[in-house]
Q: 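Structure below; questions to follow.
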Amino acid sequence: MFSLTSRLRFGIRYAIVPSRRNASDHSKNKLRGPLAQDVSYFRSVLARPGHSVLDGTATQDVKDEIDNRYNADWTKNYQGSSDLVLRPQSTSEVSSILKYCNENYIGITPQGGNTGLCGGATPISNEVILSMEYMNRIYKLDDYSGVLTCDAGCILQSLHDYAEEKGYLFPLDIGSKGTCQIGGNVSTNAGGHHFFRFGGLHGTVVGMEVVLADGRVLRMNVDVSDDDNNDDCTHRFQQSSASLRKDNTGYDLKQLFIGGEGTLGIVTKVAVACPALPTSKNVALLVCNSYSDVLQILKTSKEELGEILSAIELIDSNTMKFVQKYGSGIGDHLISELLSPEVEAADKQPLFILVESQGCDQESDSSKMDAFLTSLYESSTIENGFLAQDSKHIEEIWGIRESCNPSVARAGYVHKFDVSIGIEAYMEVAEEVSDALENANLSDLTVCVWGHVADGNAHINIVSGQCDKDAVREETIENIVYSSVMKRKGSISAEHGIGQSKRKYMSQIKDGAVLELMSQMKNLFDPHFIMNPGKYLP
Amino acid sequence: MRKILVPIKRVIDYAQKIRVDPSKGAQGVQLKNVKMSMNPFCEIAVEEAIQLKEQNKGAEVVAISVGPKQCTETIRTALAMGADRGIHIETKPDVRGDYIDLQPWAIATLLKGVVEKEDAVDLVLLGKQSIDSDCGQTGPLLAGLLNAPQATFAANIERGDDGSFTVERETDTGTETIKLNASGKPAVITCDLRLNTPRYPTMPNIMKAKKKPVETISLEDMVKELGLDLDEVLTPKHEVVEVYEPPPRKEGETVGSIDELLGKLKERGLVA
């Protein structure tokens, strides 16, 4: 059963963190929220307390700010009741905070850009929110290896801009890049549009600095100091490496924190290997009539575009119609052209595929793309398509893809799913779910599918015209979607993570021995269970 | 309506960051492996030409471009948007179109020759300016050389049954509407942003465009054919003295509180 506390609109103060299932860990029940003396302590250890400590008990203004900016998540499905936000400016401040909280059994919810989709950065009660937003320095980008070292609070877009200046491409790209922070991306192992080309963060993150619950700082192939006043060099002799591309000297602990969702420690710095900035980019938006055509496109693109293929994304017509209706306007004319009245009249349900290539030779890449599109069109694999002629078109096509999530959110109440399925079965789940919803007499629901089709990752968003949140309806829909996925041995969370929303399924989807080890790991890193309580592990 | 001539220019894509290498002197704009595309105002001109063609059956739209061999791609885009045929005056690869070598006077001179050679040209539609040199001179120069009526910065164009063109044009304070009477000379109109939204050349049109004729002729041959002097055309009338990147904007400072802001303002003597 899922924890009802996470769905309540009004935060409730708990002295005890609720819904524990693992009774053997008594320490968990000792967690408390911060008190006045704790706030005083934090004010004394943080360098700019007026800046770094938001005490919700002080004034209504501060309380409102905490509620609006930090206590609710982007989807507005989760609401915490924290009264204290701490915004440290250095690793040593993070360390002091955690050490103190650990000794006093105060729960901590780490938060980055607060753009997560599973409530992982929202307190379940009155935990202290530790926001990384002021730790946003970019230290360096090695001109030869392309390794970029920065603070965890850096906004993803700023990393893209910095790397681009130096002729490099930051290998992670997602729709929320204007707001999300790299620490959060790393902690959720965000996938994004270019996962297909560059692989995930487990591969591209080459170094990390993490603060553990007890305040210890783990430096793993990162060696920069953010403490200009107190540059303690002694640790540098102990730590052996910095920003190297390869280092096989021991267990790769940083992998635990990638996708660890802040439950084992707080990521404070990262070193990411960036590929060279491609000088030639081509983007096309294709229209096809059936998923078997899409499968053909996947095969053909690998053959004809080969190493320059950088992204393939799918958008179904339900989604495209919502983008047309509720989008920001970007790409409107293009959508009208491709979703023309003739298409509507013929009652077709076209599928749209975005194909992107990135390389270093304009002419050769353009002619490859041209040949690719021509062969698809002549073989009737695609019904129509559009190849971007300039940057404006490229922005429009990607704009359409990035509008999917916000447009659908404006269309109604969204039951959000992010699943991994075998590529062949990608649309089967959506079709099966549509049928099952009809059979269950659940009305006024539109099943929208979009996502990283080449990764087998589908974002299934079921839009309800009804705005009220009916827990039973919600659970029925969840069961329908997840059973369809699980019977195909898929994953119920391809890239969005577990957070609060998928925690209850962990025991069903993970092998017993695996869960046991994870539990033991959690006990080892965070014996007092202060790190992001109520999330991730059951 | 008979022929509409649309000169189009292949320029550095508007979103590209321009890099300047001052050690190379005034020629130091980095052009290697930089994304190029059709000048946005030329795109608007092509769209307008197609719309006029759609309203006036029998009209022929001819796209013309002066530049290196890659210009054929730019012409193909115009054809995919609906132009009927293309003329590519091909220059040698090292001849620069961004005001260093070819300048508006030379282009206007060539275009005058083409208009006269083509005959039956009722309208020449150009972009108001190109985004590399920002001159805005080619249209007016061409009108002058042809002794033809002109309207620049068009935000709206209406063709009258008598062959006249009523043009609403952008001014600093609003718009102005003028009428170009039918004169036996082609009307020369330059297009501004609000005129239209260029259509998207989708696959069926791209496929059709592959079959449309594009005449390629070298600059030297065209000059000879038009009876012009090659030196006259290739020697720029203006010399570019310097090209430099604008100085980087000074970084602002973030302050943490109103008190801090006040402190800084007082420090700088901006507040008592």
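Fair warning: this is a prediction, and the values are worked out from it, not measured in the lab.
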Q: Kindly indicate, with the supporting measurements, whether the criterion salt bridge (Lys or Arg N to Asp or Glu O under 4.0 Å) is fulfilled by A:Asp390 and A:Lys392.
A: CA-CA 5 Å; A:Asp390 56 34; A:Lys392 182 161 81 67; 5.7 Å; no
Q: Using heavy-atom distances under 4.5 Å, tell me whether A:Thr374 contacts chain B through its side chain, its backbone, both, or neither.
A: both
Q: Under a 4.0 Å threshold between the charged nitrogen and the carboxylate oxygen, would A:Asp370 count as salt-bridged to B:Lys210?
A: yes
Q: Which one wins on heavy-atom pair count under 4.5 Å against chain A: B:Pro40, B:Ser257, B:Ser37?
A: B:Ser37
Q: Go through the atoms of A:His51 and report whether side chain, backbone, both or neither lie under 4.5 Å from a heavy atom of chain B.
A: side chain
Q: Given 3.5 Å as the limit, does a donor-acceptor pair link the side chain of B:Asn196 with the main chain of B:Ile44, or not?
A: yes
Q: What residues form a ring-ring contact (aromatic ring centres under 6.0 Å, His included) with A:His193, not counting sequence neighbours?
A: A:Trp398, A:His452
Q: Excluding sequence neighbours, so at least two apart, what forms ring-ring contact (aromatic ring centres under 6.0 Å, His included) with A:Phe170?
A: A:His160
Q: So which part of A:Ile394 gets closer than 4.5 Å to some heavy atom of chain B, the side chain, the backbone, both or neither?
A: side chain
Q: Hey, are A:Glu356 and A:Arg401 close enough for a salt bridge, meaning a charged N less than 4.0 Å from a carboxylate O?
A: no
Q: Check whether A:Lys281 gets within reach of chain B through its side chain, its backbone, both or neither, counting any heavy atom under 4.5 Å.
A: backbone
Q: Can any side-chain N or O of B:Asp192 pair as donor or acceptor with the backbone N or O of B:Arg194 at less than 3.5 Å?
A: no
Q: Mark yes or no for whether B:Asp134, through its side chain, and B:Gln129, through its backbone, hold a donor-acceptor pair below 3.5 Å.
A: no
Q: Could you tell me which of B:Lys35, B:Arg199, B:Met38 has the largest number of non-hydrogen atom pairs under 4.5 Å with chain A?
A: B:Lys35
Q: Looking at B:Asp94 and B:Lys92, is there a salt bridge between them, counting it only when a charged N and a carboxylate O are closer than 4.0 Å?
A: no
Q: Would you mind checking which part of A:Leu376 comes under 4.5 Å of any heavy atom in chain B, side chain (CB onward), backbone (N, CA, C, O), both or neither?
A: neither
Q: Looking only at heavy atoms, which of residues 67-80 of chain B get nearer than 4.5 Å to chain A?
A: B:Lys69, B:Gln70, B:Thr77
Q: With a 4.5 angstrom heavy-atom cut-off, which part of A:Leu338 approaches chain B: side chain, backbone, both or neither?
A: side chain
Q: Using the test ring-ring contact (aromatic ring centres under 6.0 Å, His included), find all partners of B:Tyr200 that sit at least two apart in sequence or belong to another chain.
A: A:Phe386, A:His393
Q: Please give me the minimum heavy-atom distance between A:Val294 and A:Leu314, naming the atom from each residue.
A: CG1-CD1, 4.2 Å
Q: A:Cys360, A:Gly385, A:Ala388, A:Ser52: which one forms the most heavy-atom pairs within less than 4.5 Å of chain B?
A: A:Gly385
Q: Answer yes when A:Arg48 and A:Glu93 have at least one side-chain N-carboxylate O distance shorter than 4.0 Å, and no when they do not.
A: no
Q: What part of A:Glu164 gets closer than 4.5 Å to chain B, counting heavy atoms only: side chain, backbone, both or neither?
A: backbone
Q: Heavy-atom cut-off 4.5 Å, strictly under: side chain, backbone, both or neither for B:Thr202 against chain A?
A: both
Q: Quick check on A:Glu337 against chain B: is it the side chain, the backbone, both or neither that has a heavy atom closer than 4.5 Å?
A: side chain
